[in-house]
Structure formats: C-alpha cells, structure tokens
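We name chains A, B, ... by the order of the sequence lines, and we start the count at 1 in each one.
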Number of protein chains: 2
Amino acid sequence: MAISAAGSSRSERNAVAAPAGVNRPATIHDIAAMCGVAASTVSRALSTPDRVNFRTRARIEAAAAELNYTPNSQAKALSSGRTGAVGVLVPDITNPFYFDLIRGTQLQLKAAGYTQLLVDTEESDEVEASTMEQLRKGADGIIVTAPRLGDDVLLAAAAKMPMVTINRDVPGVPAVIIDTPTATGQALDHLVSLGHTRVAFMAGPLTSQSSSRRWAALSSAAEERGVEVLRLGPFAPKTQSGAAAADSAVHSGVTACIAFNDLIAIGMLQRLRERGIRVPEDMSIVGCDDIFGADFCNPPLTTMTSPIEQAGRVAVSMLLGRLNPLAGGSNRSRSVMPTHLTVRGSTGPARVV
Amino acid sequence: MAISAAGSSRSERNAVAAPAGVNRPATIHDIAAMCGVAASTVSRALSTPDRVNFRTRARIEAAAAELNYTPNSQAKALSSGRTGAVGVLVPDITNPFYFDLIRGTQLQLKAAGYTQLLVDTEESDEVEASTMEQLRKGADGIIVTAPRLGDDVLLAAAAKMPMVTINRDVPGVPAVIIDTPTATGQALDHLVSLGHTRVAFMAGPLTSQSSSRRWAALSSAAEERGVEVLRLGPFAPKTQSGAAAADSAVHSGVTACIAFNDLIAIGMLQRLRERGIRVPEDMSIVGCDDIFGADFCNPPLTTMTSPIEQAGRVAVSMLLGRLNPLAGGSNRSRSVMPTHLTVRGSTGPARVV
DNA sequence: CACGGTTTGGCAACCGGTTGTCAGAGTGTG
DNA sequence: CACACTCTGACAACCGGTTGCCAAACCGTG
C-alpha cells in the first residue's frame, strides 16, 4: 500500500507551506494525508456518507474533528454551484418594519444552514437592480421586499434566479402577501362605528404597490359603507413625513386618518401634539404594521397588526422549497398572511362638529 | 499566430457547454475566446490594467461590456484569498440600537466595495464563537458588537483574523468605544441639579462590559458629588424587562433612575404608567443610546445620545485600514465616540418627600 | 473455480478566477 | 549589427472543494 508514501509527501508539503506555525485552516487534503486516502474520498465521506466504507468514514471523521476541519464555503460554492447563501433586499434597514422581517428570515435561514446576505437598497431601484445582478452569482436565491422595480423587470429577474417577493403581487413570481387590505376594511368599520364619516388615507410612495392596494381596498370599502374617503400624499414612509401628513389632514377637515404605515402615523401624532390638536379627541389616527414603538407612543397607536416576522419565515420556506424540490415542502407560489386591527388609544369617537 | 485556433476551440467548447440558450453568466474565458487572447490576459486587463497593452485592454473591456461580464466572487475569493466580505455580529437584530449601527456599517462597507454578512448571535456566546470560526474563511474581517465572549477568547480570535470590536475594551483588540460613561456624569449632574439625592442604576446583563463601565463611572461620579446611587438588576436589555425594573425602582424608594439602555427605560415608562406613578413628577427616568422611539414615547425620554451610525462607520474604516494598510487611512486601534445628554420630558424636579 | 454484481476508493477534470514564470516581440544604445 | 532591456501575452499551477468514471476488491452463487 502506498499509504505511508502519500502521507509523508502530503505532510512534507504541508510543513513547507506553513513553516512558521501559522496554523492555516485544515483542508480535505490534510485529512486525506492523515488518513492515507485520496481527497475525493474525504469529500465523499463528509458529503455522501453512504458512498464510503463505514470504517474509512470513521477514520476520516475522527481526523476531521482532530484537525478542527471546516469546509471552505468559497470552494464548495465554486465547484458545486450552490453558495448556501440567500440575499435579502430591503429598501431601508432603519425602518423598524424590516427589523422583524429580517429577524424572521435570519432565523429560518440559519435553521436551514443558509447564510443571509442582507442588502439595504436605500429605496433606490438602481441599487436594487444592480444588487440583484450581483447576487445572481453570489446567492442561491433572493428575497425582495416591496421593491421599486416594475413588474416586468421583476418577472425577468425571477426567471434568472429563484426569487420570492414580499408584498409584491406579480403574476408568475412567488410572493408572500401581507393582507392589509382586509384589515383596512376592519379599520374603516372601527372608525365608522365611532361616528367618523370623512376619513383620509395618508398614502405612501407613488411607486409602492402596497399603498395602491390599500387605497383600492379602502375606497371600495368606503363606498360600500357610504362614507367619504380622500387620499392625501404621497408621503415618504418616515416619521419626518408625519408633520406634512398631519398638516394636510388637518387642512382637509377630516376627523380620522388611516396612514400608509406606522412611521407616518407616529410622525403625525408628534406633529398634532405640537399643534395642540388632541388625539383622539380632535383627530383619530390609524397606523399600519404595528411596528416597534406603536404600543408606547403617545397615545398608543391603533394599527393593523401584521405578522411580519412570520412573513419573513414563510418567504424563506417558500424559497428553500424551490431550491430543494426533493425535500417536499409546500410548493405554493403565493402565501397570504392575515392581519387584524389592534385598537389602542389613538382612535376615539368623532368630534362633534 | 495561434489566435484563430485558440479562438475557435474556445467558442466551440462554449457552444457545446451552453447549447440550450441558457445564457449562463459570462466568464473570463468567454471574453478571452472572443478577443483571441488567453484567460490570464483578460484577468490582468481587468485587475492590473497597466500590465497589458492599451489596445488589447480596450478590446477586452469592450468584449466584457458586451457580454455583460461580472466576475464570479466565489472564484475570486478562492484564488486570491480575499472574499470582499466583512462579517458583522450583533447580539440582537431586533434591538433598535443595532439598526443604526448596521446601517452605518452597511453604508461604509458598500462604499468600499465590500459585502456585509450580518449575523444575529441571539445573545449567545456559543453562537458567537461558532460564527467567528465560520467567518474566518468566509470573510476578510469581522466587526463584533459588545460580545459575550471573554477578553481572552476575543484576543485569541483577533490574532486569527482582522477584527474590530464595538463597545468592548480589550487591550490589543482594535475597538470603537461609545463614551457613555462621560455622559453618565452629565446625566447625574442633571438629576442632582433637579434635587435628586438617591438615584438607581438599572443594570444590564452581568456579562455586559458596557454595563459595568457605566456603573463604575456612575458610582465614582456619585461619590464626587456626594449623592447616593444603588445598583438594581441585572435586567435583560428589552422593553419587557422594564416592568421588573420599574417595580424594583419603586420599591427601592429612589426618585430617579438611570437605565442601562433605552429599551429598559421605555419599558419602565410603560409599567410606571400602568401603576399610576407619574413621570417625571414621581419618578425621573434617564435612558441610554437615544434609539428610535426615545423621542416619541410618553413622556419623551431624557437619554444619552450616542452617534451609533457613526460608530458603525468608524469601525468599518478601522477594519478596512487594517485590511489594506497601503491605502493609508488612520491606523488607530482605538476610537472613542463622544456622547451627550439629551434632555426631554422624562426627567424633572425631585418629588418632595 | 469461474462469473456477474456490488462496494469502495482513486484518478482526473472541472468550477472561475489569480499569479509566477518565461519566451517572443519591440525598442534603444554602443 | 549585436546586445541588453522593457513590454506584452501565453502557459500552467494553484485555491479547495465536487463529481463522473473506472478499476480493484469483495461478495455470493451456479
């Protein structure tokens, strides 16, 4: 047998390559040398255990443990084509809405042995597009949240690599949809029952599909109930926009507002307070998402609670289901997450005019 | 010349490899074939432009543009040893403190052409350790925030790969320190000037070095000023812990509290409100960090404002300075970020007993 | 004992780049 | 015109794995 020869030549090379005691990470070649087998056998022992003999595998596993071996993910990715990473694109990391989403994806990805590549696209469609192109090689799949890009671009991108969108309903592209439109109806009922007859919708960005969907749901619900709704905005989804939103709501003369999201709603609360307009006595405010802070702002915000973290997990599950079709897993290409209205202190009976 | 021969053989292989029109991403070999040069020449043209002739380079660049070439980062990493990625370890993604930090690192890394690998260690030292080991190959460097691991472990890890810590002062390990101890003195002055003589410190986790440093600063400042401070806790850095913190503060009979961080402080505000204890009339509360939400909670929180996002950027700069020593850049191994007290509504004159 | 089938392990090509080395071409000088 | 020197590009090894294919070894059976 050529065991000793192979072993010694390997260790010689090793000694020469790392003479200064710089214990560089072990490779399968080191293990192979130590066990007197070929590198390919080591590879198989670790990735296709059934392929090698029970005794050989044990020896290899022992050696691997001793050398504290960790596979080099770059090399693995290069040769196998799978990177073990999933890209997650969010428009704004500092938006609390995405915190929970990110945590959801992170947890689920880690559980499945994947790495999360988080990218903040800074609300820019260009960054979005270039990132997606870049990730095409760097990741096995991608999860994009409420992107700026058009349906056609998204569809084309989905054809090139596994993709799941969140809150973006494009036919042919797997999606997780947070069903705020339904909760919007609940919110309107809530306001109507409190005596409000004129309600404003503080719209999000024009390009936001979520905003359009909510407005559509709201206006049709309003029609059914015979109340008047008007659309104000657009407003950027940040607390700072709340000031302008509040002023425009006051000017419009409504007694209640449904904001595109909690950030705008919270900003409105601050502005209304500055102007001495009481919430909910003079004006009722409803937010959307129930983000961090919605429960402790002043007054606590009535809002539509979304299962955000869960949405992140579902998105990951859907994506992984596509990546590994064999592993079973529901192969649904669309998942709707229910939401509900959480009533807190920012809504109350309509002011008697 | 063998140009035509090489060219045709290449394109043949190419045609065979991708017959079904599956336009897989272009490689340097495709470019080489198209230009009739060797792959190595393409590599040099793109990474060491001076190394190839002006005209050849132009041809190659044109071909690369036409084929929409993007280098495969895995392959690049494998052969060059540099991954172009930096790991960022945070204990809890959903803690708003880290949002700003993450955004800071993300922005600075992207500007330098690096990718951010974000990992939530879930407040666990084991996850921290294993992640660091894993990242040793997957990243060029690592930024760890207020880790659980001991000084010795950190020092050992720092010897193995470039590392910068945030809010963790270990000799020999580059660090960005947010100087809350100084602001703690300011906070105490503020409270003392309002007539408070007994103040509680709501401590963070026992293993948190930040918490220890703050307590040390606070107790020595208290001694100088002749006021009494007591330490309560430890409390987990979450709003939920605020309830216990509030109750223990009330029980201790102090008139003012300085919390380890804003999450605890905000949780205390909620609990005190539930119990009918007025802030600041009956109890003053000071937070720490000035996170998202500190300005709109009820009442708005007096807190120590930290330049969190900036800290993230500085950490990245320090790390990159180590990775590319040639590029100049300050080679400091320790950076202290100033903080200041932001007075809002949660602090007021001491209750007259 | 011969034969077919199944394990089991090795060889070598390959993933897509980087980089050391070398040879041929081109340039300038004595 | 010969020689030294620089510029330019090709060749091939290498990074650390994966995987198709083949051959040796081993098995049981007729």
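At whole-Å resolution of the value, CG in A/N53 and C1' in D/dC27 are 14 Å apart. Rounding to whole angstrom units, CZ of residue A/R82 and P of C/dC14 are separated by 19 Å. Regarding A/K76, its NZ atom lies at a distance of 19 Å from the P atom of D/dC15, rounded to whole Å. In this structure, the CG atom of A/L78 is 17 Å from the P atom of D/dC14, given to the nearest Å. For A/L67 and D/dG17, the CG to P distance is 12 Å, given to the nearest whole Å. In this structure, NE2 of A/H29 is placed 8 Å from C1' of D/dG17, rounded to the nearest angstrom. Per the geometry, CD1 belonging to B/I28 stands 16 Å off P belonging to D/dA12, to the nearest Å. Between A/R55 atom CZ and D/dC26 atom C1' the separation is 16 Å, expressed in whole Å.
Comparing atom distances between the A/T41 side chain and each of D/dG17, C/dG9, C/dG16 picks out C/dG9 as nearest. Among D/dG16, C/dT19, C/dG17, the nucleotide with an atom closest to any side-chain atom of B/N72 is C/dG17.
Between B/S80 and C/dT18 there is no side-chain N or O to OP1 or OP2 distance below 4.0 Å.
The residue B/Y69 sits close only to the backbone: its heavy atoms come under 4.0 Å of sugar-phosphate atoms, none of a base. A/T56 comes within contact range of the sugar-phosphate backbone alone, with a heavy-atom separation under 4.0 Å but no base atom that close. Nucleic acid contact for B/S43: base, since at least one base atom lies under 4.0 Å from a heavy atom of the residue.
Not a single salt bridge (charged side-chain N to carboxylate O under 4.0 Å, His left out) links A/D125 to another residue, sequence neighbours left out.
Applying the side chain to side chain donor-acceptor pair (under 3.5 Å) test to every pair with at least one member in residues 74-89 of chain A, sequence neighbours left out, gives these pairs: A/T83-A/D140.
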Kindly give the atom pairs (protein nitrogen or oxygen, nucleotide nitrogen or oxygen) under 3.5 Å for nucleotides 21-28 of chain C.
none

List the steps, then state whether side-chain contact (heavy atoms from CB on, under 4.5 Å) holds for B/D92 with A/R103.
CA-CA 9 Å; B/D92 177 10; A/R103 158 153 279 206; 3.1 Å; yes
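Taking 4.5 Å as the limit, some side-chain heavy atom of B/I102 sits within range of a side-chain heavy atom of B/L118.
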